[in-house]
J.: 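Pasting a structure below so you can have a look.
Remember, it's a predicted structure, so these values are computed and weren't measured experimentally.
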Amino acid sequence: MDSVLVTGGTGFVGFWLKQTEPDSVNCWYIGKDNYESAPWGFHSWDCIVHLANIAPKKVLTYCRLNNARLLYCSSGIVYHPENDTEYRRNKIKWEQECLDSGADVVICRLFAFHGERLSADKAIVAFENAAKKDEPLIIYGDGKTVRTYMSGEDMARRMWAVLLHGERGGCYDIGGTTPITMIELAKKIIKDNNSKSEIIIEGGKDPMPYYVPVDAEKTERLLDMI
């Protein structure tokens, strides 16, 4: 049985990894505080999943010295130079550090999801909450922004597949494959909830008007292996 440490494992992604753990793994989930202070580096791990939005230097050093595999959790934002944020720059920088480290590393680039534990600032959660109260669904943009959504459960199963069977040095997109605009999403949620909500379009333009996986098929091919 593989022993797996999951850093930053107390949020949405960690929750769904825990719900979908393969029988072949034994996991320990820690938050940011424990990552900084707890003596996890003195334990013996076969694999580490680095979800924490912290530079991966510590886990890279551990994996290189202990011949452990690292799954670094990145983001689809790396494909979008038009959204030049510190978050994006860090993801690109840390991906490269992982690939240059000499450690056994695989990378997951996550896109848009839905499901339990997703934070309330995500559009799909805000729409759901408003629709259940018959309150307006507010779209910050022109309504034409395109996303693809995947359930937290499906996301996590793909992450396990990448960790256990991904090619060393490989980068894997994880996200849905059915595009939907924000206006279509809002209308669907209103219909699904039999809501009396109206839709309010605030206007403006999303910095990433089209945010979908570039190569989801590469990840899909790993699923039959778990």
J.: Show me, pair by pair, the donor-acceptor contacts under 3.5 angstrom made by side chains of residues 214-223, not counting sequence neighbours?
T.:
residue, atom, partner, partner atom, Å
D215, OD1, K218, N, 3.4
K218, NZ, C171, O, 3.1
T219, OG1, D173, O, 2.6
E220, OE1, R158, NH2, 3.0
E220, OE2, R158, NE, 2.6
E220, OE2, R158, NH2, 3.3

J.: Does W94 reach the main-chain N or O of N53 with its side chain, forming a donor-acceptor pair under 3.5 Å?
T.: no

J.: Output a table of donor-acceptor pairs, distance under 3.5 Å, between side-chain atoms of residues 133-143 and any protein atom two or more places apart or on a different chain; print 'none' if there are none.
T.:
residue, atom, partner, partner atom, Å
D134, OD1, S195, OG, 3.1
D134, OD1, K196, N, 2.9
D142, OD1, K144, N, 2.9

J.: With sequence neighbours excluded, tell me which residues meet side chain to side chain contact (heavy atoms under 4.5 Å, CB included) with P207.
T.: N83

J.: Please identify each residue that fulfils side chain to side chain contact (heavy atoms under 4.5 Å, CB included) with A103, with sequence neighbours left out.
T.: L60, C63, R64, S101, V105

J.: For F111, what residues pass the ring-ring contact (aromatic ring centres under 6.0 Å, His included) criterion, not counting sequence neighbours?
T.: Y211

J.: Can we say R69 and D46 salt-bridge, meaning some charged N sits less than 4.0 Å from an Asp/Glu carboxylate O?
T.: no

J.: For E128, give me all partners under salt bridge (charged side-chain N to carboxylate O under 4.0 Å, His left out), at least two apart in sequence or on another chain.
T.: none

J.: Applying side chain to side chain contact (heavy atoms under 4.5 Å, CB included), can you list everything that pairs with V212, at least two apart in sequence or on another chain?
T.: V146, T148, Y210

J.: Under the rule for salt bridge (charged side-chain N to carboxylate O under 4.0 Å, His left out), what residues qualify as partners of E153, not counting sequence neighbours?
T.: R157

J.: Could you tell me how the ring of W16 sits relative to the ring of F12: parallel (under 30°), tilted (30 to 60°) or perpendicular (over 60°)?
T.: perpendicular

J.: Holding to salt bridge (charged side-chain N to carboxylate O under 4.0 Å, His left out), I want the full list of residues that pass it with D192, two or more places apart in sequence or in another chain.
T.: K188

J.: Scan E95, H50, R109 and name whichever one has a side-chain hydrogen bond (donor to acceptor under 3.5 Å, both in side chains) with S74.
T.: E95

J.: Can you list the residues that meet the side chain to side chain contact (heavy atoms under 4.5 Å, CB included) rule with N66, with sequence neighbours excluded?
T.: Y62

J.: Under the ring-ring contact (aromatic ring centres under 6.0 Å, His included) rule, collect the residues that match up with F15, sequence neighbours excluded.
T.: none

J.: Is there any ring-ring contact (aromatic ring centres under 6.0 Å, His included) pair reaching into residues 172-196, and which pairs are they, with sequence neighbours excluded?
T.: none

J.: Just wondering, are more than 12 heavy atoms of other shown residues or ligands nearer than 6.0 Å to CD in E167?
T.: no

